[in-house]
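The sequence lines fix the lettering, A, B, ..., with proteins before strands; numbering per chain opens at 1.
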Amino acid sequence: MPDNEINVGGTLIWYYYVCKREVWLMGRQITADQDDTNVILGRFFAEQSYGREKKEIAFGHMKFDVVRKDRHGLVVAEVKKSSKHIKSAKMQLAFYLWELSQKGIKARGELLFPKEKRRELVELTDELIDNLLEAKRDILRIIYDSIPPEAEKKQICRNCAYAEFCWS
Amino acid sequence: MKKTIYIFNDGQLKRKGNTLYFESEEQKKYLPVEDVGELMVFGEVSLNKKFLEFASQKEIIIHYFSYYGYYMGSFYPREHLNSGHMILKQAEHYLDEEERIRIARQFVSGAARNIRQVLRYYNNRVGGISETLNRVDEVIMSLDDCHDISRLMAAEGNIRDRYYRVFDIITRNPDFPFEERSRRPPRNHLNTLISFGNSLMYTIVLSEIYRTHLDPRIGYLHATNFRRFSLNLDLAEIFKPIIVDRVIFSVLGKKMITVNDFEEEGEGIMMKDRARKTFVQELDAKLKTTIKHKGIGRPVSYRRIIRLELYKLEKHLIGEKFYEPFIAQW
Ligand code: SF4
């Protein structure tokens with residue numbers, strides 16, 4: 001790996017909890033198949049939602065869907081289409097909360113799944129912070145490894161844009 | 001899957017709003033840009049910079065063929081997928097002679113073993129090929145002992161020679177004798193078909209390379225010359241027997257193309273447009289045919305098999321898995 005600084009951001013945290021192999025591939029800029037139907041759909045919906053001027057609030061490189069204040073302080077919320085990758089979403093949000101806390105901003109998080117009428121609270125506990133730091137270290141370890149973690153066939157491979165790369 | 005658009009007529013290519021537009025004396029045609037993967041231009045076509053910018057932005061490759069049907073060159077838009085890691089690995093494997101041979105040998109072996117499958121099929125059907133099959137097998141066995149590129153090339157040439165010599169047995173069409181391999185210009189009808197099919201294959205593989213992180217200028221069997229594409233020539237070797245040659249046998253077998261579809265041109269023989277159209281239609285159909293793929297777990301088209309082959313090469317280059325070429329099952 002070239003020795004320029006690797007910035008472990010929210011995206012890699014997300015992938016870390018989805019598939020570790022994906023972390024390595026993303027880290028090496030071996031991007032997924034651009035013709036993949038899911039990638040095309042994703043791009044389409046991204047363009048669509050910009051069209052509707054989604055209210056996003058940006059903090060540095062972080063973007064949140066909703067930010068509000070209640071009597072306990074600041075709440076940042078993320079709206080998700082489904083809770084399929086809830087673990088990833090939770091850790092990604094926790095990562096942002098941690099980054100905010102590094103800047104002296106204390107906040108709590110909320111994951112919203114409007115389609116499922118479901119809400120998940122994320123609070124930055126010491127345990128969560130430990131997990132995050134551990135994940136960050138592990139992500140660096142993965143990326144610095146000279147070969148990617150072996151592909152393991154799991155449910156999500158079916159909708160993964162790397163599938164043809166992994167299983168060819 | 002995006003489409004390959006073949007343009008045989010003379011005319012103009014333009015950008016009209018968000019579509020590609022082709023205008024000729026006979027027709028006006030809109031081509032939705034999102035559906036187009038590549039353009040193959042045979043006719044006398046003019047286009048402007050605005051059109052090229054649009055094609056580039058939409059990542060559409062344009063391949064040009066001369067009046068005689070030879071491949072001339074490609075408009076290869078700026079690389080859109082870039083991985084420094086992959087490029088380094090690709091170059092590293094080229095510079096290391098051992099590594100280069102290892103990959104080149106797989107290409108030759110893949111080509112040879114696919115030739116063998118074609119021969120086996122026809123030996124079962126028409127017979128008279130078993131002698132050649134044995135010789136091809138012997139050469140395949142000897143590939144492991146080839147430790148430099150020139151010997152590898154010689155082995156491949158040897159196989160190809162023997163292979164072409166039984167084309168007359170396979171086609172059983174006295175109008176299309178093989179005689180000998182002639183290229184520029186091809187001096188008989190069969191050679192014209194082979195050259196035409198091969199050049200299409202080179203461009204198709206090139207288009208697939210464009211959709212990966214590989215650099216088409218770094219080949220292993222065909223020496224890298226940074227001004228020209230060579231990786232596509234390498235990969236095409238594997239697919240020529242099972243895609244191009246089978247299309248040739250099929251169009252000749254069904255008499256879809258006959259000697260009347262050719263004309264003499266100077267030193268050589270060239271195909272008329274009607275024959276070219278028939279050929280690309282059959283080739284397109286072939287590329288769309290699907291076969292079952294164990295790893296992927298669903299049927300994939302031959303066109304996709306070419307892409308998967310590139311992924312396998314990528315995995316070899318990053319050190320994950322030794323590259324083994326695709327061998328047709330029949
Ligand atoms: S296909 Fe499966 S193993 Fe490969 S990157 Fe995607 S999720 Fe990971």
Just how far is it from atom NZ of B/K321 to atom CD1 of A/I147, taken to the nearest 0.5 Å? 12.5 Å
A/I30 side, atom CD1; B/E314 side, atom CD - distance, nearest 0.5 Å: 6.5 Å
Taking everything shown except A/E127 itself, do over 12 heavy atoms lie less than 6.0 Å from its CD? no
Within the distance-only criterion (no hydrogens, no angle test), does the side chain of B/S83 pair as donor or acceptor with the backbone N or O of A/R28 below 3.5 angstrom? yes
Does B/R246, at its CZ atom, have more than 12 non-hydrogen atoms belonging to other residues, nucleotides or ligands within less than 6.0 Å? yes
Would you say A/S168 and B/K315 make side-chain contact, with heavy atoms under 4.5 Å? yes
Heavy-atom pair with the smallest gap, counting every atom of B/H85 and A/W24: NE2-CH2, 3.8 Å
Kindly determine whether A/F165 and B/L310 satisfy side-chain contact (heavy atoms from CB on, under 4.5 Å), including the steps that lead there. CA-CA 9 Å; A/F165 179 84; B/L310 297 167; over 6 Å; no
Can you tell me if A/K153 has over 12 outside heavy atoms packed within less than 6.0 Å of its NZ? yes
Cut-off 4.5 Å, heavy atoms of chain B, and the answer for A/C166 is backbone
For A/T31 and B/H213, which I'm curious about, is there any donor-acceptor pair between the side chains at under 3.5 Å? yes
Pair B/K312 + A/E164: basic N to acidic O under 4.0 Å: no
Around atom NZ of A/K154, are there more than 12 heavy atoms of other residues, nucleotides or ligands at under 6.0 Å? yes
Evaluate side-chain contact (heavy atoms from CB on, under 4.5 Å) for A/Q29 paired with B/N82, printing each intermediate quantity in order. CA-CA 7 Å; A/Q29 279 89 44; B/N82 247 319; over 6 Å; no
Pair A/R21 + B/E320, salt bridge at N-O below 4.0 Å: yes
Is the number of heavy atoms from other residues, nucleotides or ligands under 6.0 Å of A/D70 CG greater than 12? yes
If you round to the nearest 0.5 Å, how far is OH of B/Y311 from CH2 of A/W167? 15.0 Å
For atom NZ of B/K286, is the number of surrounding heavy atoms from other residues, nucleotides or ligands below 6.0 Å larger than 12? yes
